[in-house]
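Owing to the predicted nature of the structure, the values given are computational and were not obtained by experimental measurement.
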Amino acid sequence: MTNVKESAPAAKSAVNLNDPQYYINRELSWLEFNRRVLHEALDERTPLLERLKFLAIFSSNLDEFFMVRVAIVKDQLEAGITTLTPDGRTPQQQLEEISQTLRPMVEEQHRYFEKVLRPELKEHGVFLLDYIDLSQEQRNYVRDHFEKRIFPVLTPLAVDPGHPFPRMSNLSLSLAVIVKDQQTGEEHFARVKVPSSLPRFLKLPAEPSQEGSEKAVWVGIPVEQVIAHNLEMLFPGMAIQEYSLFRLTRDTEVELREEVAEDLLQAIQDMVKKRRMAEAPVRLEIQSNASQLVKDTLMDELELEPHEVYEIDGLLNLKDLFALTGLPLPALKDAPFSPMPPRQLRFTGDLLPANAEREDIFSIIRRHDVLVHHPYESFSGSVEQFIAQAARDPQVQAIKMTLYRTSGDSPIVKSLIEAAENGKQVAALVELKARFDEENNINWAMQLEQSGIHVVYGLVGLKTHTKVVLVVRQEGDEIRRYVHIGTGNYNSKTAKLYTDLGLLSCREELGADLSDLFNYLTGYSRQHSYRKILVSPVNMRDRMTALIQREVEHAKAGKPAKIIAKMNSLVDPGMIAKLYEASQAGVEIDLIVRGICCLKPGIPNVSESIRVISVIGRYLEHSRIFNFHNDGNEEYYIGSADWMPRNLDRRVEAVAPVEDPALKKLLREILDTTLSDNRQAWELQPDDNYTQRRPKEGEPVRSSQEIFMQRAIEQSKP
């Protein structure tokens, strides 16, 4: 019996867990994530304007994918890198498969918009017209608007021996124009940029003759068509032979040589300027009816390969559809939802019910830890309230926090400034390297410095991605530390759109750990151990590996063993191999991975006991939760880190244990509810494809996000 038991694991361990066949390509997995986003736009169960929103999100996601991920792979190819990815692909193979996978998706997106959504919008009084659809009165209006508002800001650029091919900014819309000199008969190529300062859609007055005008909510036309049909004003004496709209995407991964920079702030400012100028092109989108002459000219001048050119049948840059999602048509949107006052914090600050006794947030946290679930529970009534009260409280001596991305009118930044003005010691680590938010963060950092706040600009070689606040308070003869450890950014706008968690606590060990962490971030420290929190790049990888290994040991001992992990992305080969090892030992593993997942579930002798779902819904799933069964003494962790090489090795991250039994129960409910979703959950199959869950016969529809909204409403009631 003993020999038989010992031989089974040995047979399984003979499998090479690093074999490329057991890994999904990172870039292709991301495309599958965006396919799930696109599906929300195609799903008729999604309200019309929400479908429009998902089409815009799909396009926005693709822009960043090309600017960053495709650009990196292209750079690898041009640098002659031959190292294979964990799934065994070369850079060339990845670029080819990206193109093959993506083209049908882009075609489907545009076809659906033109054939389905555009007509449906018309039925509801939203008329996005083409120039040929306009009445003479509307054409007169367009002509007048063009002459007065658009013509003065346009700059046609000729391309000839005296005029080199113009430098084109990233993501800008342009018209490629072929004009013929009516005197010489020569044809010339010119480019007219569609100014980004103009609204993408020109709103037109509805007319009595307009079809359905009695219910017209909005009537408009793409601004590029306004320009295109008035090109003769830009090229007098020339005959317009043809015009085509195109859009260029460039590599935005500008190298930051921070290790040799004397001033990190100046280095980031220089990098932002370089990005504006943009690097090598990585994608050309062009109208499918463009002539071969125009296509060849652009490809030659921009040095693009055929697989980098995407011909679009219809409206380019559907990201601009965001402008229409705010139309006053509530029946075509998700039912409105406002974040509820957190139940445990109802008697503090601005959320105070009528005739209730006010209680400060610190006394509540002293009684018990608080866990808030955004956007279902109010960010302003919890995190912002915590920092605002700390800024005004005469007993608070110091506030320290990290800022990765924050909003332009951040109440938190205002509270930090108020705290400094009130004589408190305030320190803020502002991560200047937060991609595409560098300029915004530079502005905030300078404003904070001018207010007397100690500002740290991050660490050389590492991004500070952790989301933590430390408040130091004098209470009698003692100093007590209060902490907030979150999974999301300190951003009041995204807090209404992303699902995140935040832990408020005054546990001594957590406070001591955050003091050590801030000393590491603001001074010179080589802290190698922490009491409770897991910190990247110090100990998180080793501790997470040890927690998985503990479940392996329980399984080998015949005890129940289970792991549930919720995150944005699962990419790290080491963590994936460890999960495979755990599955081989019999550990039950449920993974909730919104985006990229390079692990393959359900493979015999490798990942039979692993299940993976992805939830795509109204809110962006952003919270990270890690649950280890631990032979019945369950442990829960929340924090800022995904299981990706960058999060474990190249960023400062923090994950904290949640130890209050009531909060553990709440986390279990969140995980169980998410795992039972049959409306917006997708299951990853062993063949790398995702299938969307559907309610079984007689089974109710269970949307986890809808359930969380309803729970928040119920729990907010007195």
Side-chain angles (χ1 to χ4, degrees), residues 37-63 109-135 137-139 141-142 145 149-150 173 194-226 314-339 375 407-409 492-494 496-498 616-620 705-706 709:
V37 172
L38 178 60
H39 184 274
E40 284 299 302
L42 309 181
D43 193 330
E44 293 185 357
R45 295 176 296 176
T46 307
L48 179 57
L49 289 184
E50 304 299 336
R51 280 184 274 161
L52 207 64
K53 178 190 74 176
F54 278 108
L55 275 191
I57 293 172
F58 177 85
S59 292
S60 179
N61 287 349
L62 277 187
D63 284 349
Q109 176 201 23
H110 285 273
R111 182 172 57 251
Y112 189 78
F113 173 69
E114 297 294 338
K115 302 297 184 182
V116 179
L117 290 190
R118 213 164 177 173
E120 283 193 32
L121 287 168
K122 186 176 179 180
E123 291 176 7
H124 292 278
V126 179
F127 296 84
L128 179 56
L129 304 175
D130 292 316
Y131 187 84
I132 59 172
D133 301 322
L134 303 186
S135 67
E137 291 81 4
Q138 288 171 323
R139 294 187 183 194
Y141 176 89
V142 166
H145 183 88
R149 304 290 182 87
I150 299 178
L173 283 171
V194 179
S196 57
S197 58
L198 298 176
R200 176 65 190 284
F201 305 114
L202 172 62
K203 185 177 180 181
L204 304 177
E207 300 179 344
S209 59
Q210 185 81 52
E211 180 185 353
S213 59
E214 69 280 357
K215 63 172 184 177
V217 175
W218 182 91
V219 180
I221 180 176
V223 69
E224 64 268 18
Q225 293 192 24
V226 176
L315 190 71
L316 265 66
N317 190 21
L318 295 185
K319 179 171 65 176
D320 289 336
L321 294 175
F322 276 123
L324 301 182
T325 61
L327 292 172
L329 293 166
L332 304 183
K333 302 178 185 180
D334 287 328
F337 175 80
S338 297
S407 54
D409 54 351
S492 57
K493 292 181 180 177
T494 58
K496 297 177 182 178
L497 303 173
Y498 294 7
I616 306 294
R618 173 174 181 168
Y619 301 118
L620 182 74
Q705 295 188 352
E706 292 286 344
M709 282 189 279

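- Glu114 contributes a side-chain N or O that, together with a main-chain N or O of Leu315, makes up a donor-acceptor pair within less than 3.5 Å.
- The side chain to side chain contact (heavy atoms under 4.5 Å, CB included) search around Pro330 returns none, not counting sequence neighbours.
- Remark: Phe113 CZ to Ser59 OG distance equals 10.0 Å, nearest 0.5 Å.
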TODO: Decide yes or no on salt bridge (Lys or Arg N to Asp or Glu O under 4.0 Å) for Asp130 and Arg118, but give the supporting numbers first.
DONE: CA-CA 11 Å; Asp130 292 316; Arg118 213 164 177 173; 3.2 Å; yes
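- Between the side chain of Gln705 and the backbone N or O of Tyr619 there is at least one donor-acceptor pair closer than 3.5 Å.
- Legend: residues meeting salt bridge (charged side-chain N to carboxylate O under 4.0 Å, His left out) with Lys333, ordered by chain and number and at least two apart, are absent.
- Within the 4.5 Å cutoff, side-chain heavy atoms of Asp334 are placed close to those of Pro47.
- Between Val126 and Leu329, the closest side-chain pair of non-hydrogen atoms falls below 4.5 Å.
- In this structure, His39 and Ile616 have side chains that are not in contact, with every pair of non-hydrogen atoms separated by 4.5 Å or more.
- Nearest heavy-atom pair, Leu129 versus Pro222, reported as atom, atom and distance to 0.1 Å: O-CD, 3.2 Å.
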TODO: Output, in order, the C-alpha distance, side-chain angles, deciding distance and verdict of side chain to side chain contact (heavy atoms under 4.5 Å, CB included) for Arg139 and Tyr131.
DONE: CA-CA 8 Å; Arg139 294 187 183 194; Tyr131 187 84; 3.7 Å; yes
- [ ] Show the numbers, then the answer: is there a side chain to side chain contact (heavy atoms under 4.5 Å, CB included) between His124 and Val217?
- [x] CA-CA 8 Å; His124 292 278; Val217 175; over 6 Å; no
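- How far CG of Leu49 is from CG of Leu327: 6.5 Å, rounded to the nearest 0.5 Å.
- In this structure, Ile57 CD1 and Leu62 CG are separated by 12.0 Å, a value rounded to the nearest 0.5 Å.
- Thr325 contributes a side-chain N or O that, together with a main-chain N or O of Phe322, makes up a donor-acceptor pair within less than 3.5 Å.
- Here the side chains of Leu324 and Leu52 are in contact, with some heavy-atom distance below 4.5 Å.
- Judged as a salt bridge (Lys or Arg N to Asp or Glu O under 4.0 Å), the pairs with a partner in residues 196-206 (not counting sequence neighbours) are, in order, Arg200-Glu224, Arg200-Asp320.
- Atom-to-atom distance recorded for Ser60:OG and Leu318:CG is 11.5 Å, nearest 0.5 angstrom.
- Applying the side chain to side chain contact (heavy atoms under 4.5 Å, CB included) criterion to His145, with sequence neighbours excluded, gives Arg149, Ile150, Leu202.
- Here Leu42 pairs with Leu38, Glu108, Tyr112 under the side chain to side chain contact (heavy atoms under 4.5 Å, CB included) rule; sequence neighbours left out.
- The line from CG of Leu128 to CG of Leu117 is 11.5 Å long, rounded to the nearest 0.5 Å.
- Taking both residues in full, the closest heavy atoms of Gln138 and Pro205 are given as NE2-O, 3.5 Å, listed atom of the first, atom of the second, then distance.
- Thr46 pairs by the side chain to side chain contact (heavy atoms under 4.5 Å, CB included) definition with Glu40, Asp43, Glu50, Arg51, Phe54, Arg679, not counting sequence neighbours.
- More than 12 non-hydrogen atoms from other residues, nucleotides or ligands lie less than 6.0 angstrom from CZ of Phe201.
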